[in-house]
Amino acid sequence: QEWQNPFATWDPRDFCNISEIVLPMDTYWSPPIFILERVSGQNPELNYMVLMHNGSFNSTRPFQVTLTCGLIILKFPFDTQTCNLSIASFLYPVTDFVMKTRRTPPEIMNDSQSFFLTDGEWKFTNLSIIEYTERVDDKGFSVVTYMISMERRPTLYILNLILPTCALYLLDMAVLFGPSSLEEKINFQIAIILGSSMLAVILNNSLPTSSNKPPIIGTH
């Protein structure tokens, strides 16, 4: 965060060439902001800010938060999800408090990719920024929304779900139209049902239950 306070300025030549100082957050006014999608999180212990001689404040505080995000898993495991992170302050209207991003979306995306250290299920693909005014009770409030796009890595699901499912269906067709006896076909069909049920259990444990539409792989 960066903001200006014209009442907190001094001439460094009058104070031993001191051009900046570090102060606690409660020393001066600081912008109160909220993350709208926040469910839970860990508050930072670094409650300090840097004051420049020209009245410029700079505060860098790390947050670790859990956000709500609506998922669309129809194309699972080849899906791409977009989650929003909205920063706002509903204590001051837009006539008194306006938030702006200092850097462009490509610059923020490059920094975000450098901090994205885990090589897990999701791949960070895109980040866009929307600055707008939210109307609440006939008042406008400044809001900045970061739209984060994540692409699922499907390799593990292809090996554990799609390939075994296709193999079961191919075997089912081969036995159904093969020269086997009726008893052998019935026994094999029971084995196919048990295998499909096991794959369905694995799929159910791997997917969230908050999506409006089930995945295509789960409906076939």
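Note that the structure is predicted; figures quoted are calculated from it, not measured. In what follows, residues are counted from 1 in the order of the sequence shown.
In the hydrophobic clustering of ILVMFWY residues, with side-chain heavy atoms under 4.5 Å counting as a link, Met25 and Leu23 come out together. In this structure, Ile148 is a member of the same hydrophobic cluster as Val65, with clusters built from ILVMFWY side-chain heavy atoms closer than 4.5 Å.
Using the six-membered ring where Trp is involved, His53 and Trp10 have ring planes that are perpendicular, over 60° apart on the 30 and 60° scheme.
Aromatic pair Phe57/Tyr28: centroids less than 6.0 angstrom apart. You'll find the ring centres of Phe76 and Tyr157 inside the 6.0 Å limit.
No donor-acceptor pair under 3.5 Å is formed between the side chain of Arg152 and the backbone N or O of Asp79. Judged by distance alone, with hydrogens and angles left aside, the side-chain atoms of Glu37 form a donor-acceptor pair with the main-chain N or O of Ser86 at under 3.5 Å.
Within 6.0 Å of the OH atom in Tyr48, the count of heavy atoms belonging to other residues, nucleotides or ligands does not exceed 12.
Contact record, Met99 with Ala88: CE-CA, 3.6 Å, taken as the closest heavy-atom pair. Scanning all heavy atoms of the two residues, the minimum distance from Tyr92 to Trp29 falls at OH-NE1, 3.0 Å. What you find for Leu91 and Pro32 is that their closest heavy atoms are CD1-CG, 3.8 Å. Closest non-hydrogen pair, Ile129 versus Arg103, comes out as CD1-O, 4.4 Å. When all heavy atoms are compared, the tightest approach of Ser89 to Ile33 is CB-CA, 4.3 Å.
In this model, a donor atom of one side chain and an acceptor atom of the other lie less than 3.5 Å apart for Glu131 and Thr101. Inspection of the Ser149 and Gln81 side chains reveals no N or O donor paired with an N or O acceptor under 3.5 Å.
Remark: Asp11 engages Arg13 in a salt bridge, criterion side-chain N to carboxylate O under 4.0 Å.
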